[in-house]
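Notes follow the structure.
One is the number of the first residue; the rest follow in order along the sequence.
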Amino acid sequence: MNKAYFKHSFLSEVKMMLFLFLIGFLFYPIVCLTSDFYQVTNISQNIEKISSSQVGMAITFLAIISYVVPVIKFQYLQKKNQIDCFYSLPIKRRNLTLINLLVGYLQIIIPYTLIYFLGMVITILKTDIFHYIWYLPLYGISLILALGLFLFNSFIFTRGNSIIDGIIMMCLYSFVGFLTIEMLNTSADRSIIDEAYGITFSPFIEIGNFYDYAIRYNKHSNNLNILSFIYPIILGIIGIVGMIIIPNTDKAERAEQITNSYWGYRVIIPFYFLSIGFVISASTTSFILFVSLLTIAYLIGEVIHYRRFKLPRKVFIVLGSCILALIVFSLLF
């Protein structure tokens, strides 16, 4: 690791870390300061109601910055006036990427750690109705969730050749797992897996709610689905492998150009068309209407992709193939 570049990269992000901390302070510690924590016990009916610990606000903040930091840390890849400068540094691209990933992750966990424990201390000072031991496993697990999502989002964002394309890619890929599970459930004509687990940020919600209940009642509300742990790990593996391998073949000239990666529009738009069309066609009789709407959405997506209204012929060839495939799917299933 190039220690000089690491130090420079870290110090250059201190102001941004401070800014993220201030945003996080509004998200969680301020909410803890202004919340009225209460406990209501009805002995005759054996009912105990305890207010939320508000720790979910800290987890929400963590999930959000796991989307924001990749944009902050890797936007130089989408700017012509910056990418040449970075690629001219006497550092191997792989080392450059790994250092930026490390600094980016620190940029997430440092503000998050500060607001997390500050909010916990405020809550401890305000009330003794919670079981604070559960804050510790939640903190450790949340760091793993953030690492997986950050690595994956970093990889997906860098597949766009512009900042806007990268952000759109992160948003679209957030629901790829959801749509894949939905198609499996539809083809099997039953719910094999809860499709909500396929959303990239859903583990934050699931685990946040699970531990909030434990903090309130000192027991588990139900068993955590193992996908809440497995999915972020899978995302992290995809992200780190992609970030190590693929950027080494990227050319500086791609910055601000049309995004042509196979991880970009050329695959994700047909995937959305087919997956949504397949799910809808299995549950509605208005097939022609929905295919028409999907076709319009497809063409709008391609206009965003190519940044012009005059689209190349291959777009219509792929669209025709997708419509044909959708008709076959609807007949089979």
Side-chain angles (χ1 to χ4, degrees), residues 1 5-6 9 13 16 62-79 82-83 86-87 91-109 142-180 197-204 227 229-272 305:
M1 177 183 291
Y5 178 72
F6 171 80
S9 182
E13 299 295 350
M16 181 55 67
L62 180 63
I64 291 173
I65 61 175
S66 295
Y67 281 85
V68 173
V69 172
V71 179
I72 297 172
K73 201 61 197 163
F74 291 100
Q75 60 179 308
Y76 71 88
L77 292 173
Q78 283 100 342
K79 295 182 177 180
Q82 291 187 18
I83 191 169
F86 275 89
Y87 280 177
I91 307 173
K92 292 182 179 179
R93 286 193 188 181
R94 182 172 296 177
N95 292 337
L96 185 69
T97 299
L98 290 175
I99 291 172
N100 284 327
L101 285 173
L102 176 57
V103 173
Y105 186 51
L106 292 174
Q107 198 171 347
I108 291 174
I109 64 174
S142 65
L143 294 184
I144 298 174
L145 300 184
L147 178 60
L149 184 57
F150 166 67
L151 290 173
F152 182 74
N153 281 340
S154 295
F155 172 60
I156 295 302
F157 175 75
T158 58
R159 296 306 86 212
N161 288 352
S162 70
I163 294 175
I164 297 298
D165 285 350
I167 293 173
I168 292 174
M169 287 301 104
M170 284 196 300
C171 294
L172 291 177
Y173 270 95
S174 294
F175 301 95
V176 166
F178 170 86
L179 290 171
T180 301
Y197 290 110
I199 304 173
T200 55
F201 53 81
S202 61
F204 290 83
L227 285 177
F229 297 96
I230 293 177
Y231 194 41
I233 293 174
I234 293 174
L235 293 177
I237 292 172
I238 293 173
I240 190 63
V241 171
M243 288 297 286
I244 290 175
I245 296 175
I246 295 181
N248 287 324
T249 61
D250 287 340
K251 296 181 179 179
E253 293 79 11
R254 77 184 185 97
E256 301 180 20
Q257 300 301 310
I258 300 300
T259 296
N260 55 10
S261 169
Y262 282 105
W263 290 88
Y265 294 109
R266 62 196 303 181
V267 170
I268 200 69
I269 292 177
F271 171 80
Y272 263 76
H305 175 191

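Smallest separation of non-hydrogen atoms from I238 and F155: O-CD2, 4.3 Å. Across all non-hydrogen atoms, the minimal contact from F74 to T158 is CB-CG2, 3.8 Å. Between P232 and L145, the shortest heavy-atom distance links the atoms CG-CD2, 3.4 Å. When all heavy atoms of L151 and G236 are compared, the pair lying nearest together is CD1-O, 3.7 Å. Taking each heavy atom of Y262 and V267 in turn, the nearest pair found is O-CG2, 3.0 Å. Smallest separation of non-hydrogen atoms from I108 and S66: CD1-CA, 4.0 Å.
The structure places OG1 of T97 at 13.0 Å from NZ of K92, a figure rounded to the nearest 0.5 Å. How far CD1 of I199 is from CZ of F204: 13.0 Å, rounded to the nearest 0.5 Å. Taking CD1 of I244 as the start and CG of N95 as the end, the distance is 10.0 Å to the nearest 0.5 Å. Rounded to the nearest 0.5 Å, atoms CD (Q78) and CD (Q257) are 12.5 Å apart.
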What pairs of donor and acceptor atoms, side-chain ones from residues 163-173 against any protein atom, are under 3.5 angstrom apart with sequence neighbours left out?
unit_1: D165; atom_1: OD1; unit_2: Y265; atom_2: OH; d: 2.7
unit_1: D165; atom_1: OD2; unit_2: S162; atom_2: OG; d: 3.3
unit_1: D165; atom_1: OD2; unit_2: T259; atom_2: OG1; d: 2.7
unit_1: D165; atom_1: OD2; unit_2: R307; atom_2: NH2; d: 3.4
unit_1: Y173; atom_1: OH; unit_2: W263; atom_2: O; d: 2.9

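Side-chain contact between F6 and L98 is absent, with no heavy-atom pair separated by less than 4.5 Å. Proximity of P203 to F229: side-chain heavy atoms (C-beta onward) are nowhere separated by under 4.5 Å. At least one side-chain heavy atom of L77 sits less than 4.5 Å from a side-chain heavy atom of R254. Side-chain atoms of Y231 and T200, non-hydrogen and from C-beta on, do get closer than 4.5 Å to each other. Y67 is listed as a side-chain neighbour of L149, based on a closest heavy-atom distance under 4.5 Å. A 4.5 Å side-chain heavy-atom check between N100 and Y5 finds at least one atom pair inside the cut-off.
Under the rule for a ring pair (Phe, Tyr, Trp, His ring centres under 6.0 Å), the partners of Y76 that lie at least two apart in sequence or sit in another chain are F86.
Although no hydrogens or angles enter the test, the distance criterion places no donor-acceptor pair under 3.5 Å between the side chain of E13 and the main chain of K73. Side-chain atoms of R266 come within 3.5 Å of backbone N or O of N260 as a donor-acceptor pair.
I240 pairs with exactly one of L101, I245, L147 by the side-chain contact (heavy atoms from CB on, under 4.5 Å) rule, that one being L101.
For residues 230-243, there are no salt bridge (charged side-chain N to carboxylate O under 4.0 Å, His left out) pairs, not counting sequence neighbours.
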